[in-house]
Amino acid sequence: MTKGNSTKITDELYTYMLDHNPPLDRVQRGLVATTYAKFPDVAGMQSAEEQGPLLAFLVRLTGARHIVEVGTFTGFSALSMAQALPADGRLITCDVSEEWTSYARDAWAEAGVTDRIELRIAPALETLRAMPAEPHIDLAYVDADKENQVAYWEQLVPRLRPGGLIVTDNTLFHGSVLDESATGSAAGVRAFNDHVTADDRMDSVLLAISDGLTLSRKR
């Protein structure tokens, strides 16, 4: 194996990267700060700062009008995508926590995108199974419990339009995907990565962005 150019991401280089990406707006920045202040022990569940502009870019690139998100947390990723949607676009986001998503609702209202977002508080598999069976989703973002990732995938792929995109976060899972004896969430990510690689309905690439990001396009 020939490894390509490998750049160590120092704190200084990370800051440089952020400085050369679209900046977070006031509401986004405030939501990130609030998440770390209110939920310091689990704030790492929030999508990385650079992923907000990336998700918005992908929404615009694909011309998405119908987005599904699995895993809302405090709403940063949903906010980023909703702001990039056209006025008639809609985003359905799934979570089970009223507490976490209360901060999401506040941020969405402040940003003026509440009318584009539908939050469904229920197990995500129930929400996905209740959706129309025909292909209608333009873009999906999956960032939730890792043990169910394959199940989420199997609900989303048939509902994804040809050319539609699934973006899955944490697919390197802190490097634990290398552990063949992994259990729990790490085992779930390993199983998901193998499942995606073998799925001939989709074209997929796994990228070393943040904790690993897999982009999958429906053929």
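Excluded from the calculations below are hydrogen atoms, water molecules and symmetry mates; all remaining heavy atoms, backbone and side chain alike, are included.
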Side chain to side chain donor-acceptor pair (under 3.5 Å) partners of [X], counting only residues at least two apart:
| X | answer |
| --- | --- |
| Tyr14 | Glu50 |
| Thr171 | Thr214 |
| Arg116 | none |
| Asp25 | Gln83 |

Quick one about [Y] and [X] (side-chain donor to acceptor, distance below 3.5 Å, no hydrogens or angles considered), yes or no?
| X | Y | answer |
| --- | --- | --- |
| Tyr141 | Ser47 | yes |
| Glu69 | Ser77 | yes |
| Thr72 | Thr101 | no |

Can [X] and [Y] be counted as an ion pair, charged N to O under 4.0 angstrom?
| X | Y | answer |
| --- | --- | --- |
| Arg120 | Glu126 | no |
| Glu154 | Arg201 | yes |
| Asp41 | Lys38 | no |

My understanding is that only residues two or more places apart in sequence, or in another chain, count here; which of them pass side-chain contact (heavy atoms from CB on, under 4.5 Å) with Leu125? Arg129, Asn148, Ala151, Tyr152, Gln155
Is it true that atom CD of Glu134 has more than 12 heavy atoms of other residues, nucleotides or ligands lying nearer than 6.0 Å?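 For Glu134, atom CD is crowded (more than 12 foreign heavy atoms under 6.0 Å).
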Do Leu172 and Leu206 have side chains that approach each other closer than 4.5 Å (heavy atoms only, starting at C-beta)?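 Yes, at least one pair of side-chain atoms sits under 4.5 Å.
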So, do Met131 and Val68 sit near enough that their side-chain heavy atoms are less than 4.5 Å apart?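 Met131 vs Val68: side chains touch.
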Between the main-chain N or O of Ala48 and the side-chain N or O of Gln51, is there a donor-acceptor pair closer than 3.5 Å? yes
Evaluate side chain to side chain contact (heavy atoms under 4.5 Å, CB included) for Asp169 paired with Val142, printing each intermediate quantity in order. CA-CA 6 Å; Asp169 200 14; Val142 181; over 6 Å; no
Tell me the ring-ring contact (aromatic ring centres under 6.0 Å, His included) pairs involving residues 49-87, sequence neighbours left out?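 Only His66-His136, Phe73-Trp100 qualify under ring-ring contact (aromatic ring centres under 6.0 Å, His included).
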